[in-house]
Amino acid sequence: MAGMAVRLLFAACAGILLAGCANRPVGVLAPVVETAPDATKVDMLVATTRAPSDDPGIMFTGERGRQVALTSFVVSIPPDQNRQVGEVQWPRRLPPNPQTDFATLEARPLDGLKSSRRWLHEHLSPSRRVLIFVHGFNNRFEDAVYRFAQISHDSKADATPVLFTWPSRARVFDYLFDRESTIYSRDAFEETVWEIATDPEVKDVTIMAHSMGAWLAMEGLRQMSIRRGRLPPKITDVILASPDVDVDVFASQWRALNHPTARFTVFTSRDDRALQVSRRIAGSVDRLGQIDPSQYYAELEKAGITVVDLTALRTGDMLNHGRFAESPEVVRLIGTRLVAGQTVTDSDMSLGDRIGTVAMGVGQTVGSAASVAISAPIAIFDPATRRTYEAQVNQFGQVVKNTAGNPAKQ
């Protein structure tokens, strides 16, 4: 019965994913010559353990390569008036139209560590921060490149984007192949992060990993800590978005980090359909990205890990697995606070407060504002934000009570 349930869940997820890819042409990474006048260019360094493709529009397959390949990319993102924050606008035909589509302007192979270090130094942001992103399960190479370009652009993070992409066949039923591919890529990820985080020109590093990529990131950091005795102090933030990580395994990985100085933030969604499938495959053990934070609050608070619960936040993601990247408020605040080296509650107004304010809106009616306060679009599990939201709920409750008692003011 369990096997049948898993197959049915996989089939449902596959239907959703295939529907989203049905109109997408193959080979979208082939560079175009011109871009739109108001388009934005994102310069990105990509390190991958994927096998190369002979097709310049694909570049790398979902199979495993023999060594790490390094490529510099320039991605064109359509003018702001032609898109919504959180969206990757895939071309419906080739060549793409940079006025309305994401497009590749340059894809240049780099010859080894020296060339990649030169690229990094030439493209360091004014803050000298670096944001390293690791994608999740079921991602083609182009998926990872364009999604990270979108995150980098929409977050407005003052950080140089570096993508680490591992071999994924991008087929729902190849879950175990993808899982093994993260193990295959641990050494390469560790080496990539170490080289960047120990570069004297780099000020600090944020690692953001999604889904199965969070398992790879945690394994790489665990291995680094054991092998080298510590994590580089320049790794200041680790963001795990919808992490497809067994909670018991995460606890073991965390202990191996030996009290890291980096701030850890976990984005969760209790209704994450992709992690529901993963949980069934993994013997019904909770996945870190799907936990009810209130049940784990004591342990997380003791470890100093902040959990951002996005369950009530609504986006266009039918699997509820990519809210961190598709919500305009969340992706922007990742860039303006977490990547900027701040915690989510290190000022009078926390990330949770800001998103709550955006969701409530200016001039919203008392009734709808009260409902938002009671079922907040985001809940951050740390003492400061919890106190703030308790005060908000009490305040709205009093307003509703007073309004109900005085119908003339309704």
Side-chain angles (χ1 to χ4, degrees), residues 20-48 50 52-60 69-111 115-116 118-127 129-133 135 139-165 208 316 322 325-328 331-332 334-336 339:
C21 300
N23 297 322
R24 195 188 304 177
V26 176
V28 299
L29 294 180
V32 298
V33 176
E34 297 181 358
T35 187
D38 297 329
T40 303
K41 297 179 182 179
V42 175
D43 291 278
M44 179 193 311
L45 177 64
V46 179
T48 185
R50 295 172 183 256
S53 168
D54 294 331
D55 187 334
I58 295 175
M59 296 195 65
F60 292 93
L70 299 163
T71 310
S72 68
F73 270 85
V74 181
V75 176
S76 171
I77 296 180
D80 290 345
Q81 65 269 22
N82 294 341
R83 62 182 299 269
Q84 292 185 353
V85 173
E87 288 187 353
V88 175
Q89 289 168 277
W90 293 96
R92 293 181 177 272
R93 62 184 63 85
L94 297 179
N97 177 5
Q99 189 71 32
T100 57
D101 307 328
F102 278 53
T104 302
L105 302 182
E106 178 181 292
R108 181 168 58 90
L110 300 177
D111 185 18
S115 294
S116 62
R118 186 184 307 114
W119 183 96
L120 183 63
H121 292 171
E122 291 173 353
H123 292 84
L124 272 178
S125 69
S127 67
R129 292 190 170 100
V130 175
L131 172 61
I132 301 174
F133 179 66
H135 63 82
N139 270 239
R140 293 180 292 188
F141 182 72
E142 63 198 49
D143 296 330
V145 171
Y146 278 6
R147 174 56 78 184
F148 187 37
Q150 173 261 310
I151 292 172
S152 179
H153 173 269
D154 290 347
S155 69
K156 302 188 184 303
D158 181 16
T160 301
V162 176
L163 169 66
F164 185 89
T165 170
M208 181 163 61
E326 295 190 5
S327 164
V331 75
R332 282 174 176 158
I334 286 173
T336 57
V339 177

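As the structure is a computational prediction, the values presented were derived from the model and not from experiment. Every heavy atom of this structure was used, including side-chain atoms; hydrogens, water molecules and symmetry mates were not.
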For the CZ atom of Arg140 and the NE2 atom of His135, what is their distance to the nearest 0.5 Å? 12.5 Å
Please collect all salt bridge (charged side-chain N to carboxylate O under 4.0 Å, His left out) contacts where either partner lies in residues 89-104, sequence neighbours excluded, each pair once. none
Distance-minimising heavy-atom pair for Ala36 and Pro98: N-CB, 3.5 Å
To the nearest 0.5 Å, how far apart are CG in Asp43 and CZ in Phe73? 12.0 Å
For Arg108, enumerate each residue passing the salt bridge (Lys or Arg N to Asp or Glu O under 4.0 Å) test, keeping only those at least two apart in sequence or located in another chain. Glu106
Side chain to side chain contact (heavy atoms under 4.5 Å, CB included) evaluation trace for Met208 with Ile151: CA-CA 11 Å; Met208 181 163 61; Ile151 292 172; 3.6 Å; yes
I need the Leu163 CG to Leu131 CG distance, nearest 0.5 Å. 10.0 Å
Heavy atoms, side chains only, cut-off 4.5 Å: are Val28 and Leu94 in contact? yes
Residues Ser125 and Ala159: closest non-hydrogen pair is OG-CA, 3.6 Å
Inter-residue atom distance Thr160.OG1 - Met44.CE, 0.5 Å rounding: 11.5 Å
Going through the distances and angles, do His123 and Leu45 end up as a side chain to side chain contact (heavy atoms under 4.5 Å, CB included)? CA-CA 9 Å; His123 292 84; Leu45 177 64; over 6 Å; no
Could you tell me whether a side-chain N or O of Ser155 sits under 3.5 Å from a main-chain N or O of Ile334, the two making a donor and an acceptor? no
Heavy atoms, side chains only, cut-off 4.5 Å: are Ser76 and Phe102 in contact? no
For Pro79 and Ala39 the tightest heavy-atom approach is CG-N, 3.9 Å
Walk me through whether Val74 and Val42 qualify under side chain to side chain contact (heavy atoms under 4.5 Å, CB included). CA-CA 5 Å; Val74 181; Val42 175; over 6 Å; no
Among residues two or more places apart or on two chains, list those pairs meeting salt bridge (charged side-chain N to carboxylate O under 4.0 Å, His left out) that have a residue in residues 145-158. Arg83-Asp154, Arg147-Glu326
Where do Val85 and Asp80 land on the side chain to side chain contact (heavy atoms under 4.5 Å, CB included) test, with the steps shown first? CA-CA 8 Å; Val85 173; Asp80 290 345; over 6 Å; no
Would you find a donor on one side and an acceptor on the other, under 3.5 Å apart, between the side chain of Tyr146 and the backbone of Thr104? yes
Smallest heavy-atom separation, Val331 atom then Gln150 atom, equals CG2-NE2, 4.4 Å
Once you measure the plane-to-plane angle for Phe148 and Phe133, does it fall in the parallel (<30°), tilted (30-60°) or perpendicular (>60°) bin? parallel
What's the separation between atom CZ in Arg24 and atom CH2 in Trp90, rounded to the nearest 0.5 Å? 4.5 Å
Can you tell me how far the CD atom of Gln99 sits from the OG1 atom of Thr35, to the nearest 0.5 Å? 8.5 Å
Pairwise side-chain contact, Pro52 with Phe60, heavy-atom cut-off 4.5 Å (strictly under): yes
Residue pair Met59 / Thr48, side-chain heavy-atom distance below 4.5 Å: no
Look only at the side chain of Thr71 and the backbone of Val46, and say whether a donor-acceptor pair between them is shorter than 3.5 Å. no
